[in-house]
Amino acid sequence: MSNVQLHLLSGGLSGFASTICLQPFDLIKTRLQQGDGAIRNRHTSVILQTTKEVISTHGLQGLWRGTSATLLRNVPGVALYMTSLTQLRIFMATSPYFSRIRTPSDDRSRNASVLPKLSSQGNLIAGATARVGIGFLLNPFSVLKARFESNIYAYESIAQALSSIIRQGPSELFRGFFASSLRDAPYAGLFVVFYEGIKREASLVAPSTTSSQSAAIHSGSAALAGAISTVLTHPFDVIKTKIQVRSEDRYHGFVRTVATIWQQRGVSGYFDGASLRLTRKVFSSAIAWAVYEGVLLFMRT
């Protein structure tokens, strides 16, 4: 198996594992963000009420509605993102502008990772570039995912939903991409910077000598990096969801949607579903990067 194929396999497995485990968080988050107007109840009450409504209408399996659409987006998305990120970092590591100067601490933490080492600026640029590029390619599936998780659209199958979106033209296929980019570029860039920094420091404090210790370092570092990056970029996730699932004119376009949310809800409107996305990102980051780096370490040894 070639190096690229190995990274694609590792990324695909990590995307599959995190999606299956955490789809309910995505579904409830989308239901909270799709609303039009004020939310009067406390946020925790709305989460519980929405969850109860889904279960009472569709049963417990209703929480996994849209899993097929999410897998269609996340498995190739995570595989391509992690592979392109790694290949981009390998390329950038050959440049003195982005490569990180090797230190004795790198030898002590070599068992913690098999990924290339870049400076913070290099990690920021690599993460943002890879995420936005893959996001552009898979934006149609992001629209499909959001609408399947919403209860506004009565799609009966993936094929029906996709054909419906395609018939509406390219503008519908790439709806919300600008907002997604404003969310994904800083999120991915900051994530890689924090992930590599936290992982490096954790490896110095507690050097990993076994695969289980490496997995713990990867999971903890990714979870913390995901939490920080999620909080900083969540408003763009709300804007993106509104654009992709609402059909009213006031949600057509980035600026209009920002203004609509402000008029209806004020600052709090930009943080709908923040706790759910934060929980989902913490766990998905921990699962995805532990699986990804774990498979690479296993294959190397």
Side-chain angles (χ1 to χ4, degrees), residues 9-35 39 43-82 134-135 138-165 175-176 180 183-184 187 219 222-223 226-227 230 234 237-238 240-242 244-246 272-292:
L9 173 63
S10 303
L13 288 173
S14 66
F16 179 83
S18 58
T19 295
I20 294 298
C21 294
L22 303 171
Q23 176 64 17
F25 292 100
D26 259 352
L27 181 132
I28 301 300
K29 175 185 72 71
T30 298
R31 296 290 174 93
L32 289 180
Q33 292 178 347
Q34 74 179 17
I39 295 179
H43 195 61
T44 51
S45 299
V46 176
I47 293 175
L48 292 173
Q49 180 183 340
T50 305
T51 304
K52 288 178 181 177
E53 287 175 358
V54 173
I55 293 174
S56 64
T57 304
H58 303 288
L60 194 61
Q61 68 271 22
L63 294 173
W64 273 266
R65 175 178 166 79
T67 299
S68 298
T70 305
L71 287 172
L72 201 59
R73 165 63 180 82
N74 285 2
V75 171
V78 174
L80 290 171
Y81 165 67
M82 288 183 165
I134 300 305
L138 296 177
N139 195 78
F141 297 106
S142 294
V143 176
L144 178 69
K145 171 184 177 299
R147 293 186 178 181
F148 242 97
E149 292 168 351
S150 166
N151 60 0
I152 295 176
Y153 299 85
Y155 295 137
E156 296 181 0
S157 68
I158 295 288
Q160 178 206 2
L162 195 56
S163 63
S164 174
I165 295 170
R175 190 166 179 173
S180 295
R183 176 199 65 183
D184 290 345
Y187 173 85
S219 294
T230 297
H234 186 74
D237 187 67
V238 176
K240 183 270 305 180
T241 301
K242 298 276 192 190
Q244 290 182 339
V245 304
R246 303 295 312 192
D272 285 345
S275 60
L276 289 163
R277 181 169 178 252
L278 180 60
T279 303
R280 198 241 183 240
K281 282 294 185 182
V282 165
F283 284 110
S284 68
S285 298
I287 294 170
W289 283 88
V291 172
Y292 180 65

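Side-chain polar atoms of Gln34 and Ser150 form a donor-acceptor pair below 3.5 angstrom.
Side chain of Lys242 to backbone of Gly35: a donor-acceptor contact under 3.5 angstrom is found. Put simply, the side chain of Gln23 gets close to the backbone of Arg65: a donor and an acceptor are under 3.5 Å apart. Not a single donor-acceptor pair under 3.5 Å links the side chain of Ser285 to the backbone N or O of Val282. Using modelled atom types, no side-chain atom of Thr57 and backbone atom of Val54 make a donor-acceptor pair closer than 3.5 Å. In this structure a side-chain-to-backbone donor-acceptor pair under 3.5 Å is missing from Tyr81 to Asn74. Remark: side-chain polar atoms of His234 are paired, donor with acceptor, to backbone N or O of Asp272 under 3.5 angstrom.
Residues Pro24 and Trp64 form a side-chain contact, since some pair of their non-hydrogen atoms from C-beta on lies under 4.5 Å apart. Residues Ile158 and Phe148 have side chains in contact (heavy-atom distance under 4.5 Å, counting atoms from C-beta outward). Gln33 is not listed as a side-chain neighbour of Leu276, based on a closest heavy-atom distance of 4.5 Å or more. Between Leu22 and Thr279 the shortest side-chain heavy-atom distance does not fall below 4.5 Å. Within the 4.5 Å cutoff, no side-chain heavy atoms of Met82 are placed close to those of Ser10. Side-chain contact between Ser142 and Lys240 is absent, with no heavy atoms from C-beta onward closer than 4.5 Å. At a threshold of 4.5 Å between non-hydrogen side-chain atoms, the residues Leu71 and Ile20 count as touching. Annotation: side chain of Arg147 is in contact with side chain of Ile165 (closest heavy-atom distance under 4.5 Å).
Nearest heavy atom pair, residue Ile28 against residue Leu63, reads CD1-CD2, 4.0 Å. Minimum interatomic distance between Ser14 and Gly11 (heavy atoms only, all atoms of both residues): OG-O, 2.7 Å. Taking every heavy atom of both residues into account, Ala146 and Thr30 meet most closely at O-CG2, 3.5 Å. Counting all heavy atoms, side chain and backbone alike, Gly77 lies closest to Leu138 at CA-CD1, 3.2 Å. Smallest separation of non-hydrogen atoms from Ala79 and Gly12: CB-N, 3.4 Å.
More than 12 heavy atoms of other residues, nucleotides or ligands sit less than 6.0 Å from atom OH of Tyr153.
The line from OG of Ser180 to CG of Asn139 is 5.5 Å long, rounded to the nearest 0.5 Å. Distance check: Phe16 CZ to Ile287 CD1 gives 12.0 Å after rounding to the nearest 0.5 Å. Rounded to the nearest 0.5 angstrom, Thr50 OG1 and Leu32 CG are separated by 4.5 Å. A distance of 12.0 Å separates CD in Gln244 from CD1 in Ile152, rounded to the nearest 0.5 Å. Summarising the geometry, atom OG1 belonging to Thr230 is positioned 6.0 Å from atom NZ belonging to Lys281; distances are rounded to the nearest 0.5 Å. The line from OG1 of Thr19 to CG of Leu72 is 11.0 Å long, rounded to the nearest 0.5 Å.
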Report the C-alpha distance between Ile134 and Val78 in whole Å, list the side-chain angles of each, state the deciding distance to 0.1 Å, and finish with yes or no for side-chain contact (heavy atoms from CB on, under 4.5 Å). CA-CA 9 Å; Ile134 300 305; Val78 174; over 6 Å; no
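Note on residues 20-29: pairs passing salt bridge (charged side-chain N to carboxylate O under 4.0 Å, His left out), not counting sequence neighbours, are Asp26-Lys145, Asp26-Arg280, Lys29-Asp237.
Under the side-chain contact (heavy atoms from CB on, under 4.5 Å) criterion, Gln160 pairs with Tyr155, Glu156, Ser157, sequence neighbours left out. For Arg277, there are no side-chain hydrogen bond (donor to acceptor under 3.5 Å, both in side chains) partners, not counting sequence neighbours.
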